Amino acid sequence: FRYVQQGANVRDLVIRGRSMPTGSRSTVGGIAGSNAGTLHNCRFEGVSSGASIVGGIVGVGGENHVIDRCASRGTMNGLDAMGGVVGLNEGRITDCTLSGSMGSATQDYIGGIAGLNVGGRTAGTIKNCTAGKNCTVTGRTAVGGIVGFNLSGGRVQNCTGSANVSGTGRVGGIAGENGGEIVLSG
């Protein structure tokens, strides 16, 4: 999908293959480029590739979106703001997993679940998500097992980052850079 509208509900969808659009190649996802609706129990297996804001499931998750119990397994390629599930998150991501490898040593804002987690009126929330121990998350700056950069107002709660994470600056098992809130229990 290019866009999942507000109020739309995509359930139990499995996509295997490549998501490599032409044109500007921004906001690319294995299932949807942009999401304002709900994705539940969806899975992407393959290659998701674009210029910027690339996600294994969704490129950009808007303020009111929900991504629940989704999984990404494969390879993600882009220049910056890349996540195993969502490139740029402004809504809710719950119980999602990454079981693949992503990134390269020249990319910034790379996270196993989300590249960027943005606060705001609805506050980007990543809850009960996992980047598995067999995953590799690689970048240059702001590289995290769960989120590359958790911005002010963003929230990461009860997540497990077991991935092999590497970069040259601002690297962490949960967040590469944090300006928001990280809660490890509750």
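Everything numeric in this text was worked out from a predicted model, so none of it was measured.
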Let me confirm one number: the [atom1]-[atom2] distance from [X] to [Y], rounded to the nearest 0.5 Å.
| X | Y | atom1 | atom2 | result |
| --- | --- | --- | --- | --- |
| Ile182 | Ile174 | CD1 | CD1 | 7.0 Å |
| Ser104 | Ile110 | OG | CD1 | 7.5 Å |
| Ile31 | Leu39 | CD1 | CG | 6.0 Å |
| Cys135 | Met102 | SG | CE | 9.5 Å |
| Leu79 | Ile53 | CG | CD1 | 11.0 Å |
| Asn134 | Ser99 | CG | OG | 9.0 Å |

Check whether any side-chain heavy atom of [X] lies under 4.5 Å from a side-chain heavy atom of [Y], and answer yes or no.
| X | Y | result |
| --- | --- | --- |
| Asn89 | Leu116 | no |
| Val118 | Leu88 | yes |
| Val85 | Val58 | no |
| Arg92 | Lys127 | no |
| Val143 | Thr141 | no |
| Ile67 | Thr94 | no |
| Cys159 | Ile126 | yes |
| Val28 | Ser48 | yes |

> If two hydrophobic side chains count as joined below 4.5 Å and joins carry through other members, does Ile15 share a cluster with Ile57?
Replying inline: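 Shared cluster, yes.
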> salt bridge (charged side-chain N to carboxylate O under 4.0 Å, His left out) with Arg11: which residues, sequence neighbours excluded?
Replying inline: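 Once residues adjacent in sequence are excluded, Arg11 has no partner under the salt bridge (charged side-chain N to carboxylate O under 4.0 Å, His left out) criterion.
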> What do you reckon, is CZ of Phe44 surrounded by more than 12 foreign heavy atoms closer than 6.0 Å?
Replying inline: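 For Phe44, atom CZ is crowded (more than 12 foreign heavy atoms under 6.0 Å).
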> Is the closest side-chain donor-acceptor distance between Thr27 and Arg2 under 3.5 Å?
Replying inline: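 Thr27 vs Arg2: donor-acceptor pair found between side chains.
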Closest non-hydrogen atom pair, [X] against [Y]:
| X | Y | value |
| --- | --- | --- |
| Asp80 | Ser52 | OD1-CB, 3.1 Å |
| Glu90 | His65 | N-CE1, 4.1 Å |
| Val4 | Ala32 | CG2-CB, 3.8 Å |
| Gly84 | Met76 | CA-CE, 3.7 Å |
| Tyr3 | Ala36 | OH-CB, 3.6 Å |
| Ala131 | Gly112 | CB-CA, 4.4 Å |

>> I need the full list of salt bridge (Lys or Arg N to Asp or Glu O under 4.0 Å) pairs touching residues 36-53, with sequence neighbours left out, sorted by first then second residue.
In response: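 Listed once each, the pairs are Arg16-Glu45, Arg43-Glu45, Glu45-Arg73.
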>> By the definition side-chain contact (heavy atoms from CB on, under 4.5 Å), identify the one residue from Ile113, Val147, Ile93 that meets it with Val156.
In response: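 Between Val156 and the candidates, side-chain contact (heavy atoms from CB on, under 4.5 Å) is satisfied uniquely by Val147.
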>> Pair His40, Asp68 - check side-chain hydrogen bond (donor to acceptor under 3.5 Å, both in side chains), show working.
In response: CA-CA 5 Å; His40 176 77; Asp68 179 52; 2.7 Å; yes
